[in-house]
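Contents: one structure, followed by commentary.
Bear in mind the structure is a predicted one, so any value in this text is a computation, not a measurement.
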Amino acid sequence: MRTATLGPAQRAESLAAMAERELDVLVVGAGVVGAGTALDAVTRGLSVGLVEARDWASGTSSRSSKLIHGGLRYLEMLDFALVREALKERGLLLERLAPHLVKPVPFLYPLQHKGWERLYAGSGVALYDAMSMARGHGRGLPMHRHLSRGRALRVAPALKKDALVGALQYYDAQVDDARFVATLVRTAAAYGAQVANHARVTSFLREGERVVGARVQDVEAGGEYEVRAKQVVNASGVWTDDTQSMVGERGQFHVRASKGIHLVVPKDRIHSSTGLILRTEKSVLFVIPWGRHWIIGTTDTDWDLDKAHPAASSADIDYLLEHVNAVLSVPLTRDDVEGVYAGLRPLLAGESDATSKLSREHTVAHPVPGLVVVAGGKYTTYRVMAKDAVDEAVHGLDLRVADSVTEETPLLGAEGYHALWNARARIAARTGLHVVRVEHLLNRYGAMAEEVLQLIADDTSLGAPLQAADDYLRAEVVYAASHEGARHLDDVLTRRTRISIETFDRGTRSAREAAELMAPVLGWDKNQIEREVQHYEKRVEAERESQRQPDDLTADAARLGAPDIAAR
């Protein structure tokens with residue numbers, strides 16, 4: 001089984017290696033597109049570096065609706081090419097590239113008008129399924145079905161009886177977005193890419209007009225590296241315009257940030273065996289099954305404030321509650337909300353004044369020699385964006401380079417996953433863990449679950465769940481620091497796990513236990529443990545305060561009350 005370990009030693013070695021000799025490609029930004037670009041380039045035989053100013057997926061790619069979908073609503077906009085492309089990628093991810101991470105999820109679309117709406121919406125969903133099957137990668141999902149009102153209410157008893165006259169049910173897929181990106185990064189590293197998070201590009205290196213690399217600041221240990229590369233790929237998402245300014249170029253396009261917020265509520269608050277998709281006056285609203293929880297989202301509003309920490313305001317939360325309560329027989333209240341998160345979509349500016357109508361297409365440009373910029377797009381089509389970015393970079397390389405092979409390259413953990421899943425009862429008997437725990441590990445790590453189980457075999461105390469977040473084992477916290485590049489408590493509670501949005505305390509009750517588990521791996525003393533816990537608690541309080549504010553300006557000011565933690 002191919003694997004890669006992203007611990008503290010490997011990070012230091014990667015930074016040193018990047019500075020040692022000229023790379024073929026340096027990728028800036030480790031969201032899903034940057035991580036995908038690094039994997040695409042390294043699997044073509046190129047030497048590759050990947051740097052990220054904060055943590056893997058710490059921006060947009062950990063704050064999405066966590067859906068892998070073709071974009072049903074884009075059919076209504078007649079954007080058939082985008083839907084066709086996304087459906088192909090959905091199928092590849094479900095069946096070949098990441099079956100351990102990407103799973104089918106059902107959605108119910110309530111019909112509110114007799115006759116014409118069933119015909120109209122049914123035609124759209126039928127076309128959606130047909131396009132999926134035509135790509136040869138749709139067989140892993142059931143076909144849509146038409147439901148009467150009575151049948152729909154049996155599937156989703158939480159709905160008001162007068163909220164629908166019937167329904168359609170169809171399938172898409174979902175993913176833990178941050179976990180997926182961490183796995184992408186590890187897969188790239190397994191094929192030879194040098195990767196480092198908490199490594200910030202401060203400027204680009206120039207020779208005349210040409211970009212020949214970047215200065216990279218080690219945010220953790222201090223110091224600066226000159227990383228030279230034949231081609232630099234800027235995959236910094238909503239920071240694209242900021243990064244472009246480092247080369248004094250306005251760029252051929254601009255990226256606008258659109259804020260989307262999501263609420264997380266416990267599973268028992270909405271009585272349903274299926275997700276929901278609801279129309280709003282602006283877009284659509286999803287109610288998405290998420291383990292022992294539901295995710296409700298999203299909003300779609302312009303954002304021009306702090307990009308690192310977009311804040312959800314009280315008005316945002318009220319908007320979602322109002323719209324979901326319009327169809328629920330037992331309305332949700334603020335007290336039902338466990339978690340809230342806000343993310344920014346990087347949309348290509350220029351097509352429309354309304355962010356909900358801006359293009360989800362992506363663009364690749366070569367604004368100056370040596371620098372490629374990729375922007376726009378959607379999470380589901382990251383692999384296509386990455387391929388296009390590397391294709392563009394290859395034009396600037398004076399050597400023959402193989403075509404992209406990522407369509408045939410499973411992510412770490414995919415190989416052997418189905419066999420281990422079939423053997424899960426035997427694994428449970430061997431390890432002493434309940435079979436539900438084994439299933440949890442297999443669906444988060446795939447075949448790499450064996451590495452987590454080895455930690456438990458070496459120290460049985462790691463087989464216990466976290467005291468205040470019992471969905472997760474103590475071993476997973478250690479593994480996040482030793483194998484997945486987690487450097488701070490926030491990295492673990494917010495992205496390697498989802499404790500920050502899946503518990504009413506937002507992870508504060510788990511903070512000390514998690515920090516003490518990370519400490520031996522990362523060499524923290526008692527003072528550093530205390531700093532990590534205090535910083536996390538301040539971050540949570542700042543987020544809570546922002547969610548009490550009436551609008552974006554006041555919410556942003558409140559959220560910025562907790563600065564980012566720095567290394568010792």
Side-chain angles (χ1 to χ4, degrees), residues 2-30 33-53 56 184-236 243 246-247 366-374 386-387 389-406 409 412 485 487:
R2 184 180 288 271
T3 188
T5 300
L6 302 184
Q10 289 78 15
R11 178 182 175 280
E13 289 164 9
S14 284
L15 280 169
M18 282 186 235
E20 228 168 64
R21 63 184 179 87
E22 185 183 45
L23 300 166
D24 292 322
V25 177
L26 172 66
V27 183
V28 180
V33 176
T37 300
L39 177 60
D40 189 285
V42 77
T43 52
R44 296 193 198 199
L46 299 172
S47 60
V48 176
L50 171 68
V51 292
E52 161 59 45
W56 321 131
L184 261 182
V185 173
R186 288 187 69 191
T187 307
Y191 283 101
Q194 303 294 344
V195 303
N197 55 357
H198 299 282
R200 184 186 307 278
V201 168
T202 57
S203 64
F204 288 116
L205 303 175
R206 304 289 290 268
E207 286 183 3
E209 188 187 6
R210 187 175 191 83
V211 171
V212 295
R215 285 187 181 82
V216 178
Q217 177 191 10
D218 183 349
V219 179
E220 294 292 295
E224 195 168 72
Y225 296 83
E226 282 201 355
V227 180
R228 302 186 76 81
K230 294 169 186 170
Q231 293 286 310
V232 176
V233 178
N234 175 11
S236 52
T243 314
M246 292 184 192
V247 289
H366 222 135
V368 296
L371 179 66
V372 172
V373 182
V374 55
K387 172 186 176 295
V390 178
D391 283 346
E392 185 66 31
V394 163
H395 291 316
L397 296 175
D398 190 22
L399 53 115
R400 291 180 66 88
V401 178
D403 291 337
S404 174
V405 295
T406 53
T409 306
L412 290 188
R487 300 286 303 168

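The shortest heavy-atom contact between Val48 and Ala41 is CG2-CB, 3.5 Å. Of all non-hydrogen atoms in Gly192 and Val42, the two that sit nearest each other are C-CG2, 3.8 Å. Annotation for Thr243 and Ser236: closest pair OG1-OG, 3.0 Å, computed over non-hydrogen atoms. Across every non-hydrogen atom of Gln194 and Ala17, the tightest pair is CD-CB, 3.7 Å. Between Leu15 and Ala199, the closest heavy-atom pair is CD2-CB, 4.1 Å. Taking every heavy atom of both residues into account, Ala4 and Arg186 meet most closely at O-NH2, 2.5 Å.
By the 4.5 Å heavy-atom criterion applied to side chains, Val373 and Pro367 are counted as neighbours. Arg487 is not listed as a side-chain neighbour of Val219, based on a closest heavy-atom distance of 4.5 Å or more. Taking the side chain as every heavy atom from C-beta outward, Glu224 and Asp218 never approach each other to under 4.5 Å. Put simply, the side chain of Val51 does not reach to within 4.5 Å of the side chain of Val227, judged on heavy atoms.
With hydrogens and angles disregarded, a donor-acceptor distance shorter than 3.5 Å links the side chain of Gln10 to the backbone of Gly7. Between the side chain of Arg11 and the backbone N or O of Asn197, at least one donor-acceptor pair lies under 3.5 Å. In terms of modelled atom types and a separation under 3.5 Å, the side chain of Thr187 and the main chain of Leu412 share a donor-acceptor contact. A side-chain donor-acceptor contact under 3.5 Å links Arg2 to the backbone of Ala190.
In this structure, the separation between OG on Ser47 and CG on Leu23 is 5.0 Å, given to the nearest 0.5 Å. Residue Glu392 holds its CD atom at 10.5 Å from CG of Leu371, rounded to the nearest 0.5 Å. Remark: Phe204 CZ to Leu26 CG distance equals 8.0 Å, nearest 0.5 Å. Taking CZ of Arg215 as the start and CZ of Arg228 as the end, the distance is 9.5 Å to the nearest 0.5 Å. The line from NE2 of His366 to NE2 of His395 is 9.0 Å long, rounded to the nearest 0.5 Å. Here Glu52 contributes atom CD and Arg200 contributes atom CZ; the two are 8.5 Å apart, rounded to the nearest 0.5 Å.
Among Asp391, Asp24, Thr406, the single residue meeting the side-chain hydrogen bond (donor to acceptor under 3.5 Å, both in side chains) criterion with Arg44 is Asp391.
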Trace of the side chain to side chain contact (heavy atoms under 4.5 Å, CB included) decision for Val374 with Val33 = CA-CA 8 Å; Val374 55; Val33 176; 3.9 Å; yes
Quick one: do Val216 and Met18 satisfy side chain to side chain contact (heavy atoms under 4.5 Å, CB included)? Show the steps, please.
-> CA-CA 10 Å; Val216 178; Met18 282 186 235; over 6 Å; no
Can you list the steps and then say if Thr409 with Thr43 is a side chain to side chain donor-acceptor pair (under 3.5 Å)?
-> CA-CA 8 Å; Thr409 306; Thr43 52; 5.0 Å; no
Verify side chain to side chain contact (heavy atoms under 4.5 Å, CB included) between Leu399 and Leu46, making sure each step is shown before the conclusion.
-> CA-CA 10 Å; Leu399 53 115; Leu46 299 172; 4.2 Å; yes
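Lys230 has no carboxylate O lying under 4.0 Å from a charged side-chain N of Asp398, or vice versa, which leaves the two without a salt bridge.
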